[in-house]
Participant: 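What follows is a structure written as structure tokens; I'll ask about it next.
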Amino acid sequence: MRVALRYFMNMRYRGRLIPDYEGDELPNEEAVRGHALAIASDLIFRTRMDTIRSWFDCSFEVTDESGRVVLAMPFDEV
């Protein structure tokens, strides 16, 4: 029996989709939002990138293993 499912935290920035090829194992779909908020918060407050001028222009499009979008979350929800 499989306990965790793999979810892919694809990021959209100004119309461009940056795919997550590795994904993260989470226990269920209900855990996705908290995980996305934690990652977005870490990116906003701890990561500097020249290619992304404002993290608040980003959003996550989280997909499950079948490719179905399970969450679309703008970073300004952090």
Participant: Which atom pair, heavy atoms only, marks the closest approach of Val70 to Tyr7?
Facilitator: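 Distance-wise, the nearest heavy atoms are CG2-CD2, 4.0 Å.
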Participant: How far does CD of Glu65 sit from CZ of Phe8, to the nearest 0.5 angstrom?
Facilitator: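 It comes to 6.0 Å.
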Participant: Are there over 12 heavy-atom neighbours, none belonging to Arg68, within less than 6.0 Å of that residue's CZ?
Facilitator: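 Correct, the count exceeds 12.
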Participant: Could you state the interatomic distance from CG (Asp57) to CZ (Arg16), rounded to the nearest 0.5 Å?
Facilitator: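 That separation rounds to 12.5 Å.
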Participant: Which atom pair, heavy atoms only, marks the closest approach of Tyr13 to Ile18?
Facilitator: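 The answer is CB-CD1, 4.5 Å.
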Participant: Residues in side-chain hydrogen bond (donor to acceptor under 3.5 Å, both in side chains) with Arg46, at least two apart?
Facilitator: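 Result, side-chain hydrogen bond (donor to acceptor under 3.5 Å, both in side chains) vs Arg46: Asp42.
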Participant: What is the distance from atom CG of Asn28 to atom CG of Leu5, rounded to the nearest 0.5 Å?
Facilitator: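 If I round to the nearest 0.5 Å, the distance is 8.0 Å.
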Participant: Enter the distance from Leu26:CG to Arg6:CZ here, rounded to the nearest 0.5 Å.
Facilitator: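 Here the interatomic distance stands at 9.0 Å.
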Participant: Could you tell me which non-hydrogen atom of Leu37 sits nearest to which non-hydrogen atom of Met73, and how far apart they are?
Facilitator: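 So the two residues come closest at CD2-SD, 3.6 Å.
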Participant: On a heavy-atom basis, which atom in Trp55 and which in Leu43 lie closest, and how many Å separate them?
Facilitator: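 Residues Trp55 and Leu43, closest heavy atoms: NE1-O, 3.2 Å.
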Participant: Taking side-chain hydrogen bond (donor to acceptor under 3.5 Å, both in side chains) as the definition, give me every residue that meets it alongside Thr63, ordered by chain and number, with sequence neighbours left out.
Facilitator: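 With neighbours one apart ignored, the set is Asn10.
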Participant: Please, which pairs that meet side chain to side chain donor-acceptor pair (under 3.5 Å) have at least one residue in residues 69-78, sequence neighbours excluded?
Facilitator: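 Every side chain to side chain donor-acceptor pair (under 3.5 Å) pair that includes a residue of residues 69-78, provided the two are not neighbours, is Arg33-Glu77.
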Participant: From His35 NE2 over to Glu25 CD, what is the distance, rounded to the nearest 0.5 angstrom?
Facilitator: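 Those atoms lie 11.0 Å apart.
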Participant: Ile52 and Cys58: which non-hydrogen atoms are nearest, and at how many Å?
Facilitator: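 Where Ile52 meets Cys58 most closely, the heavy atoms are CG2-SG, 3.9 Å.
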Participant: How are the rings of Phe75 and Phe60 set relative to one another: parallel (under 30°), tilted (30 to 60°) or perpendicular (over 60°)?
Facilitator: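 Taking Phe60 first and then Phe75, their aromatic rings sit tilted (interplane angle of 30° to 60°).
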Participant: Report whether Val69 and Leu17 are members of the same hydrophobic cluster (ILVMFWY, side-chain heavy atoms less than 4.5 Å apart, transitive linking).
Facilitator: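 Cluster IDs for Val69 and Leu17 differ.
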Participant: Of all the heavy-atom pairs spanning Pro74 and Ser59, show the shortest one and how long it is.
Facilitator: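 In terms of heavy atoms, the two residues are closest at CA-CB, 3.6 Å.
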